[in-house]
A.B. asks: 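Pasting in a structure now, in structure tokens, and then I'll have a few things to ask.
Note that ligands are numbered from 1 as they come in the structure, with each ligand's atoms numbered from 1 the same way.
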Amino acid sequence: MGFTKFVLAIIRKLRSVLLLCITISLLFYYTFENEIDILNSYAENEYLPSIKKELTDEPGPLSGSNFDSKMDPSNNHALLEEVEAPPTPVKSKNKEINLADPITLKEKNKYFPLLLSEPKNDPTLPFNLNDHSIALNNENDLSLLTYKEHYPVLLENPLPAISLRDNKIPLASIQVNKFEDGGALHSTIKNDIKKLFIQSWDQENLIELARKNKEKRWPIKLIDSLDTLYMMDQQTQFQVALDVICDTDFRIPPKNVDLVHIPDLSTRVLGGLISAYELSQNQTLLVKAKHVADFILRAFDTPNRLPILDYSWKSPFNNRFPYTNTTMEDLTKMSLELTRLSQLTHQDKYFDAVYRVFESISSSVEDFHIESLFPVRVDASGCQLLTTKEISSGAHQKNSKIMKSIDESLKFIHCYQTGKILPQRGENQKHNVAELTTIDQPFYDSLVKLFHQLNQHDILNLYETTTVPNDPNKNKDTIIEKNTLHGQNKRSTGMTTSFNSKTLFQNAIAKLQDYLIFQPLLPEITSNVSLISSLYAKGTFAPTTNELDVEMLRTFSMDTKLCSLGSTLSMGSKIFADTSVEKQSLDKLAGTLTKSCFEIYKLFNGAMPREFSLDPCLNSENGCQFDREGKIDDISKGLYKGDGDRLFNTESSGSNDLRVKVADDKEKKHKNKIHDSELAGDDKMTKLYTFVKDEKYNGITLINSDEIDMQNGKWRNDDEQPLWVNKMRSKRILSPEIIESVFYRYRTTGDQEWRNMGQDILALIMKNVQLNGVGAKGMWKISELKDSSDDRFSDRRALPSSWFSQTLKYLYLLFSDSDDFHLDDFIFTAGGHLIRREVSVKTNL
Ligand SMILES: *[C@@H]1O[C@H](CO)[C@@H](O)[C@H](O)[C@H]1NC(C)=O
Ligand SMILES: *[C@@H]1O[C@H](CO)[C@@H](O)[C@H](O)[C@H]1NC(C)=O
Ligand SMILES: *[C@@H]1O[C@H](CO)[C@@H](O)[C@H](O)[C@H]1NC(C)=O
């Protein structure tokens with residue numbers, strides 16, 4: 001008895017020790033493996049100093065280090081010659097590398113990332129990816145399920161604690177306590193909206209579709225509508241939908257999917273799953289969300305840890321930089337979802353991915369022509385290519401931030417990793433390309449909401465000390481960090497204490513008010529309508545004075561997506577305003593923009609163009625009334641000179657008269673000091689902002705006088721387009737932006753006018769829906785307007801999934817009890833999904 005007990009006790013003791021030993025040795029093993037991989041990649045990248053350097057001044061072939069030939073039998077010598085090599089190399093003494101050969105490319109791509117501009121320019125597309133020799137591994141399914149990172153994060157940036165950052169600053173309340181109309185639910189309207197939802201949801205037949213296409217697609221629209229189903233008490237349907245979703249494998253997309261749009265996957269699928277989990281607490285949903293997020297993280301496996309937004313997940317050539325042609329607004333769209341997942345799973349990796357994106361962006365704020373506003377498209381690779389001269393001087397061998405890579409034409413290049421996002425600049429041009437710029441609503445929206453979600457912890461200013469490495473390549477830097485290519489190469493991280501979300505937000509709004517807001521000429525004067533323009537900004541650098549002269553040309557066109565800025569500003573006024581004056585100013589702007597969008601919405605009878613361009617009202621004394629005869633006259637006089645892009649980017653097309661600048665007095669007073677990364681040392685560059693003269697017509701899309709029927713004053717190619725509109729893109733009746741802002745206005749101000757506006761919007765939607773969905777005997781179908789737009793995600797006949805996840809949800813909540821889904825307890829993601837705020841009340845209040 002005693003003996004067996006003794007033996008058992010020993011075994012029990014040993015078991016835990018043994019387990020520990022095994023764990024530790026496994027840990028060591030993997031660390032070691034990883035280390036070898038990293039070392040190998042260093043060698044391949046020529047990060048390590050070569051033992052014998054035979055660098056001469058003569059340009060031409062790089063004398064390869066001994067390392068190279070050892071690590072890579074196919075030889076790295078004579079890289080520069082390879083660049084010019086014909087596709088089918090003739091055997092010579094220098095063994096040549098033909099990257100156009102898929103097998104070679106796959107081998108080289110293990111170490112040298114591909115630098116591509118956009119998915120459609122992917123040079124590997126013509127390869128037959130099912131070819132056994134280049135396919136990922138075997139045809140084994142498992143090879144897709146598992147993924148080995150090229151650029152593992154060595155130290156994750158931890159999620160900040162739930163507790164308030166600063167106990168002395170009370171937590172701002174987003175929602176007001178007092179509502180003019182009491183804030184109680186409005187049951188008739190609420191029921192109407194519910195009916196509308198049920199009708200359209202049934203009509204879409206999402207469950208059936210999901211079951212039928214189980215192998216081919218993920219039930220994205222079903223997931224997107226889950227939380228709305230739940231809110232509207234459709235428990236039976238919710239259960240059925242849940243069964244279908246819990247039965248779907250989310251670890252990898254269906255095999256027939258090649259390209260995955262990561263922001264869409266995040267906003268609709270990940271957001272939808274998390275939101276449904278928050279409401280129902282069904283653990284399976286959380287597991288599914290984790291699967292999706294783990295897949296999403298694969299797209300972040302790039303040298304600078306910024307995501308590849310259109311991710312070709314099955315490609316055997318998956319060592320890549322993010323695209324050099326990336327839409328700025330998509331870069332931060334997954335922030336709230338991933339951050340919330342870190343909170344729910346206590347795994348930092350999701351938050352870390354978000355953090356690094358924000359870090360890159362914030363370190364680039366000053367690098368664009370107009371600070372705090374970002375171009376619509378940016379270079380997310382952060383690569384600055386080395387010139388042939390720089391390469392021949394051997395600079396690339398001394399700098400750990402220079403990475404040998406493969407470009408779109410399958411040639412070797414060298415990329416200097418700036419760690420930033422960069423303006424899209426043409427070949428060797430520094431500042432000569434006009435950047436199309438506007439306010440990046442999704443970015444600023446994430447900034448506000450993250451601040452709220454993280455209880456005042458500022459993602460741009462999280463870690464006061466340097467205990468946490470910000471640079472994923474930190475270890476590499478320790479190997480060689482001298483003689484950097486670009487002078488001192490001081491990377492301003494933007495992570496100083498004076499730089500934070502609040503100042504960035506406020507700067508951006510100031511720029512918005514100074515440069516982007518304009519009043520349009522409208523056929524009916526209702527109230528002061530203010531809209532947001534985009535602008536082309538073009539810089540000319542004067543080395544003698546060290547000034548960057550930024551010329552700006554407004555387009556007077558607005559993307560309707562910007563109508564949701566009203567919600568961002570409403571929240572911003574609660575969170576990012578220090579004084580009551582600032583608060584009022586932000587709040588007023590939010591109100592003005594929301595009302596203005598509504599006015600335009602009414603003028604279009606509820607069929608809102610996704611983008612429209614109008615004539616600016618430069619002299620509001622006359623009341624900004626559109627003058628039909630005057631416009632016809634101006635057009636015939638040729639005053640509408642044409643497209644801003646064309647005018648701005650053609651050097652000598654007789655448009656020099658346009659370049660007479662009008663100094664913008666306001667800006668002259670506070671010259672912006674900026675530190676340009678391309679200038680060595682601490683030289684500061686000054687930016688001067690000027691508007692191009694005669695701007696009323698300049699930015700407006702080219703109008704030939706023959707585009708218009710002078711007699712009738714109508715556009716020739718679209719008689720539905722009113723004359724006061726210069727250009728418009730496909731119209732929508734079910735889109736959510738305006739109602740989103742109206743909902744936020746109501747909850748943050750308590751003013752009844754917003755509910756009234758909501759009723760008008762609902763009425764207009766209903767009118768359009770019935771008009772558009774003609775059916776027999778008073779039965780109508782809900783459908784979006786037919787259009788020929790190139791929306792790549794929406795099936796044109798079907799309803800947009802934002803109809804369920806946003807439009808109807810915000811309408812419904814507007815008329816619900818204002819305590820339902822209180823804005824201090826819940827945060828809405830960009831896709832309209834709910835995440836719960838974690839507040840540890842006890843420790844703070
Ligand atoms: C979650 O939902 C699935 C599908 O309806 C169900 O099978 C499972 O039991 C649920 N889990 C919990 C914890 O309720
Ligand atoms: C970037 O991509 C867009 C859309 O594909 C395209 O219109 C634009 O010309 C591209 N820009 C550059 C610099 O390639
Ligand atoms: C419209 O703007 C003008 C000038 O800014 C101002 O005088 C007027 O009061 C405004 N009207 C409304 C209705 O806000």
Side-chain angles (χ1 to χ4, degrees), residues 114-123 125 206-207 210-211 214 219 222-223 225-227 229-230 234-250 259 261 263-264 272-291 308-312 321-331 344 368-369 374-385 407-409 421-438 534 536-538 555 557 559 610-611 643-646 648-650 701 729 789-793:
L114 279 165
L115 180 65
L116 309 179
S117 60
E118 44 187 320
K120 70 169 194 270
N121 297 339
D122 185 343
L125 285 182
L206 294 175
I207 302 269
R211 286 192 178 131
K214 194 160 170 275
L222 186 64
I223 298 168
S225 64
L226 262 186
D227 53 5
L229 269 179
Y230 191 93
Q234 304 300 299
Q235 282 307 329
T236 329
Q237 278 92 332
F238 183 80
Q239 258 317 313
V240 181
L242 211 59
D243 289 345
V244 173
I245 285 159
C246 290
D247 199 27
T248 308
D249 186 353
F250 288 98
L259 209 58
H261 190 59
D264 185 51
L273 290 171
I274 293 179
S275 186
Y277 166 75
E278 301 273 24
L279 297 178
S280 72
Q281 295 293 314
N282 183 311
Q283 289 294 331
T284 317
L285 286 168
L286 187 58
V287 173
K288 299 290 173 187
K290 247 178 74 72
H291 288 165
I308 302 172
L309 294 182
D310 284 294
Y311 182 52
S312 51
F321 282 100
Y323 295 110
T324 60
N325 187 359
T326 290
T327 47
M328 179 68 199
E329 60 165 25
D330 284 339
L331 277 178
L344 289 171
F368 299 102
H369 286 341
F374 297 94
V376 173
R377 290 183 165 270
V378 293
D379 176 353
S381 75
C383 271
Q384 216 165 287
L385 295 188
D407 75 359
E408 229 159 63
S409 50
I421 51 168
L422 297 175
Q424 287 194 314
R425 286 176 187 155
E427 289 287 304
N428 294 328
Q429 284 176 307
K430 287 268 157 84
H431 297 288
N432 302 335
V433 179
E435 294 169 1
L436 179 61
T437 296
T438 189
S534 309
Y536 286 100
K538 183 166 174 168
T555 64
S557 73
D559 193 315
R610 301 171 85 190
E611 195 186 349
D643 193 295
D645 187 19
R646 196 183 58 89
F648 229 35
N649 278 329
T650 37
T701 307
R729 251 178 75 201
S789 78
D790 54 349
D791 193 341
R792 68 182 139 158
F793 302 116

A.B. asks: My question is simple, although I want it checked carefully: is atom 9 (O) of ligand 1 less than 4.0 angstrom from any protein heavy atom?
C.D. replies: no

A.B. asks: side-chain contact (heavy atoms from CB on, under 4.5 Å) for Glu278 and Asp227? Distances and angles first, verdict last.
C.D. replies: CA-CA 9 Å; Glu278 301 273 24; Asp227 53 5; over 6 Å; no

A.B. asks: Show the atoms of ligand 2 that are less than 4.0 angstrom away from any heavy atom in Glu118.
C.D. replies: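 Selected atoms, number and element: 1 (C), 2 (O), 4 (C), 5 (O), 10 (C).
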
A.B. asks: Given Asp247 and Lys214, is the side-chain contact (heavy atoms from CB on, under 4.5 Å) satisfied, shown in steps?
C.D. replies: CA-CA 9 Å; Asp247 199 27; Lys214 194 160 170 275; 3.5 Å; yes

A.B. asks: Which heavy atom of the protein is the closest neighbour of atom 12 (C) of ligand 2, given with residue, atom name and distance?
C.D. replies: Asn325 ND2, 3.4 Å

A.B. asks: Which of the numbered atoms in ligand 1 are under 4.0 angstrom from any heavy atom belonging to Gln239?
C.D. replies: 5 (O)

A.B. asks: Would Asp310 and Lys120 count as a side-chain contact (heavy atoms from CB on, under 4.5 Å) if you check the C-alpha gap in whole Å, the side-chain angles of each, and the deciding distance to 0.1 Å?
C.D. replies: CA-CA 10 Å; Asp310 284 294; Lys120 70 169 194 270; over 6 Å; no

A.B. asks: Please tell me if the side chains of Leu285 and Leu242 come closer than 4.5 Å, counting only heavy atoms from C-beta onward.
C.D. replies: yes

A.B. asks: Counting from 1, what ligand 2 atoms have a heavy atom of Lys120 closer than 4.0 Å?
C.D. replies: 5 (O)

A.B. asks: As an exercise, state the distance from CG of Asp559 to OG1 of Thr438, rounded to the nearest 0.5 Å.
C.D. replies: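 Atom-to-atom, Asp559:CG and Thr438:OG1 are 8.5 Å apart.
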
A.B. asks: May I have the step-by-step check of side-chain contact (heavy atoms from CB on, under 4.5 Å) for Asn325 and Asn121, ending in yes or no?
C.D. replies: CA-CA 11 Å; Asn325 187 359; Asn121 297 339; over 6 Å; no

A.B. asks: Does any N/O atom on Asn282 come nearer than 3.5 Å to any N/O atom on ligand 1?
C.D. replies: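 Checking ligand 1 against Asn282, an N or O pair does fall under 3.5 Å apart.
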
A.B. asks: Under the 4.0 Å line, does any protein heavy atom show up next to atom 2 (O) of ligand 1?
C.D. replies: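 Protein heavy atoms within 4.0 Å of atom 2 (O) of ligand 1 - there is at least one.
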
A.B. asks: Where is the nearest protein heavy atom to atom 4 (C) of ligand 1: which residue, which atom, and how far?
C.D. replies: Asp243 OD1, 3.0 Å

A.B. asks: Side chains of Thr326 and Ile421: does their closest heavy-atom pair fall under 4.5 Å?
C.D. replies: no

A.B. asks: Please write down residue, atom name and distance for the protein heavy atom closest to atom 13 (C) of ligand 2.
C.D. replies: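 So the nearest neighbour among protein heavy atoms is Gln424 OE1, 3.8 Å.
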
